[in-house]
**Student:** 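One structure follows; several queries about it will come next.
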Amino acid sequence: MKQVKGFSKLSKDEKINWLTKNYFNDSSQAKQTLERYWNQDQKLQKLHDEFSENTISNYYLPFGIAPNFLINDELYTIPMAIEESSVVAAASNAAKFWLEKGGFKAEVLSTQKVGQVHFTSAANTEKLTAFFNEVQPKLIEEVKAITKNMEKRGGGISSIELRNKTADLENYYQVHCTFETLDAMGANFINSCLEQIAETFTREAENYFSAEEQPEVVMSILSNYVPQCLVRAEVCCPVEDLLPNKADAEKFATKFVEAVKIAKIEPYRAVTHNKGIMNGIDAVVLATGNDFRAIEACAHAYAAKDGSYSSLTDASVENGVFKFWMEIPLALGTVGGLTSLHPLVKLALEMLQKPSAKELMKIVAVAGLAQNFAALRSLTTVGIQQGHMKMHLMNILNQFEANENERQQVIEHFKSNTVSHSAVVEIIEGLRNGN
Ligand code: MEV
């Protein structure tokens with residue numbers, strides 16, 4: 001393949017021509033596929049094109065809704081952007097199940113964000129500490145231009161401290177900062193603050209240290225690990241309310257708690273268990289225009305905080321009461337970023353009654369807990385495939401380009417039979433061969 005220079009400067013058409021000419025046997029077919037996903041509304045298409053670099057088309061994800069989520073006595077319909085067929089159905093089932101049992105309770109425990117200026121210095125720690133104490137007011141003073149608006153609303157920098165990391169890495173220190181960013185996720189705010197802090201720090205250090213001791217800033221960046229930006233979501237009910245039959249309910253609760261205990265101590269299971277939680281979380285995070293990579297990275301780091309990767313959820317049965325809960329760090333925003341730009345994100349936030357970041361933290365945590373409840377409920381009873389394959393049936397039908405008549409007959413057949421890929425193929429082939 002040919003190397004290309006100055007690609008980002010080409011027009012959208014030129015980019016597509018270059019791509020389709022170089023990488024596809026049937027370039028007009030490839031072009032057509034890309035164009036089918038363009039939006040007819042030119043203004044909307046331009047908006048999407050400008051979200052990123054080198055955009056040539058749009059990549060759709062299904063945008064679904066899960067109604068009946070009772071959270072702290074308020075009813076929500078939760079928007080979910082996700083391609084996996086059974087996720088929204090599972091969320092809706094869990095919502096309905098808990099609706100009749102008092103719903104979900106959620107509480108924000110803390111909202112602290114973190115950022116660090118990483119630097120090296122051969123100066124001794126006492127001298128660095130003395131310098132840091134002296135320069136600290138100036139660091140705060142010079143970042144005021146950036147923080148003043150956030151401060152007016154009650155946020156800003158909460159703390160700045162020097163951290164000695166030389167036991168782990170020679171000459172390595174940090175200016176470790178914590179932030180309150182209110183309804184913003186705060187990445188741009190935090191990074192701008194840190195870069196200003198680094199600049200002041202470096203300038204002030206010039207006359208304080210000898211050439212050999214001079215601190216060298218390696219990088220200034222927020223941390224996506226926010227263990228002090230925590231939300232807790234919970235459901236509970238008497239064990240006997242879990243199922244109509246008391247013995248079944250007790251068995252269900254015992255197996256459910258056992259399944260969580262397994263995910264607590266067994267990383268192979270914990271990863272899948274937490275993946276199921278993230279099915280719910282990512283879908284809402286994406287629908288509300290938040291950064292799902294940041295949320296994912298943080299959640300998994302938090303799941304390993306005690307030294308081995310473990311379940312994010314907990315469950316117990318005590319004194320006849322079933323309790324299922326999760327504490328998870330979620331750095332979310334409901335202002336800034338895509339929130340006022342992407343029409344579907346705006347719609348998703350309006351659907352959620354224009355939540356504050358704290359409210360969104362609760363909603364997202366509940367979506368994760370609900371998803372895990374639905375998965376464990378299936379896994380410990382009928383198994384996951386029954387529901388999964390039922391939802392996947394449409395994908396298989398589409399794959400075989402089934403016509404309306406075939407669809408109806410296949411759907412009817414699988415109302416009372418177990419769906420499997422081969423069973424669907426057999427039925428379709430049977431219909432097509434006139435059997
Ligand atoms: C599938 O996307 C998610 C599950 O595997 C989660 C789980 O096993 O708990 C069903």
Side-chain angles (χ1 to χ4, degrees), residues 61-66 69 78-98 104 233-235 242-243 251-287 292-293 295-304 308-317 322-328 330 364-396 398-399 418-421:
L61 278 180
F63 183 88
I65 54 168
F69 266 97
I78 299 188
M80 303 179 90
I82 185 146
E83 87 300 346
E84 193 175 322
S85 23
S86 53
V87 169
V88 178
S92 304
N93 285 341
K96 192 151 168 274
F97 182 92
W98 286 104
F104 294 81
E234 182 185 306
V235 282
L242 286 167
L243 286 170
K251 185 163 178 221
F252 170 74
T254 308
K255 272 182 92 174
F256 193 101
V257 171
E258 197 62 21
V260 175
K261 280 188 188 159
I262 291 170
K264 278 275 162 209
I265 57 100
E266 166 55 60
Y268 277 96
R269 173 57 201 149
V271 170
T272 317
H273 178 99
N274 289 345
K275 186 273 183 189
I277 296 171
M278 301 316 284
N279 276 344
I281 290 186
D282 285 349
V284 190
V285 167
L286 208 51
F292 66 92
R293 286 84 58 209
I295 295 296
E296 281 276 342
C298 181
H300 297 297
Y302 191 74
S308 115
Y309 191 90
S310 180
S311 160
L312 285 163
T313 52
D314 279 283
S316 68
V317 174
F322 171 81
K323 202 194 262 189
F324 179 49
W325 72 97
M326 169 170 71
E327 281 181 16
I328 187 167
L330 290 172
V364 171
V366 163
L369 188 74
Q371 207 68 44
N372 192 225
F373 179 79
L376 293 182
R377 181 154 79 129
S378 300
L379 286 167
T380 57
T381 54
V382 292
I384 207 74
Q385 280 312 88
Q386 196 182 82
H388 260 224
M389 291 310 289
K390 227 175 211 146
M391 296 309 297
H392 191 54
L393 180 58
M394 286 305 156
N395 289 343
I396 307 176
N398 284 334
Q399 197 185 327
T418 309
V419 181
S420 74
H421 194 274

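For ligands, and for the atoms within them, numbers begin at 1 and follow the listed sequence.
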**Student:** Salt bridge between Lys261 and Glu266, side-chain N to carboxylate O under 4.0 Å?
**Tutor:** no
**Student:** Distance to 0.1 Å, residue and atom name: give those for the protein heavy atom nearest to atom 1 (C) of ligand 1.
**Tutor:** Glu84 OE2, 3.4 Å
**Student:** Within the 4.0 Å heavy-atom shell around Leu379, which atoms of ligand 1 are there?
**Tutor:** 7 (C), 8 (O), 9 (O)
**Student:** Test Ile277 against every option in Asp282, Leu369, Asn372 by the side-chain contact (heavy atoms from CB on, under 4.5 Å) rule and name the one that passes.
**Tutor:** Asn372
**Student:** Using the ring centroid of each side chain, check whether Phe69 and Trp98 are separated by less than 6.0 Å.
**Tutor:** no
**Student:** Mind checking whether Phe373 and Phe256 have parallel, tilted or perpendicular rings, split at 30° and 60°?
**Tutor:** tilted
**Student:** Could you find the nearest protein heavy atom to atom 3 (C) of ligand 1 and give me its residue, atom name and distance?
**Tutor:** Asn279 ND2, 3.6 Å
**Student:** Salt bridge (charged side-chain N to carboxylate O under 4.0 Å, His left out) between Lys323 and Asp314: does it pass, once the steps are laid out?
**Tutor:** CA-CA 8 Å; Lys323 202 194 262 189; Asp314 279 283; over 6 Å; no
**Student:** At under 4.0 Å between heavy atoms, is it the side chain or the backbone of Arg269 that contacts ligand 1, or both, or neither?
**Tutor:** side chain
**Student:** How far is atom 6 (C) of ligand 1 from its nearest protein heavy atom, and which residue and atom name does that atom have?
**Tutor:** Thr272 O, 3.5 Å
**Student:** List ligand 1 atoms under 4.0 Å from Lys275, heavy atoms only on the residue side.
**Tutor:** 1 (C), 2 (O)
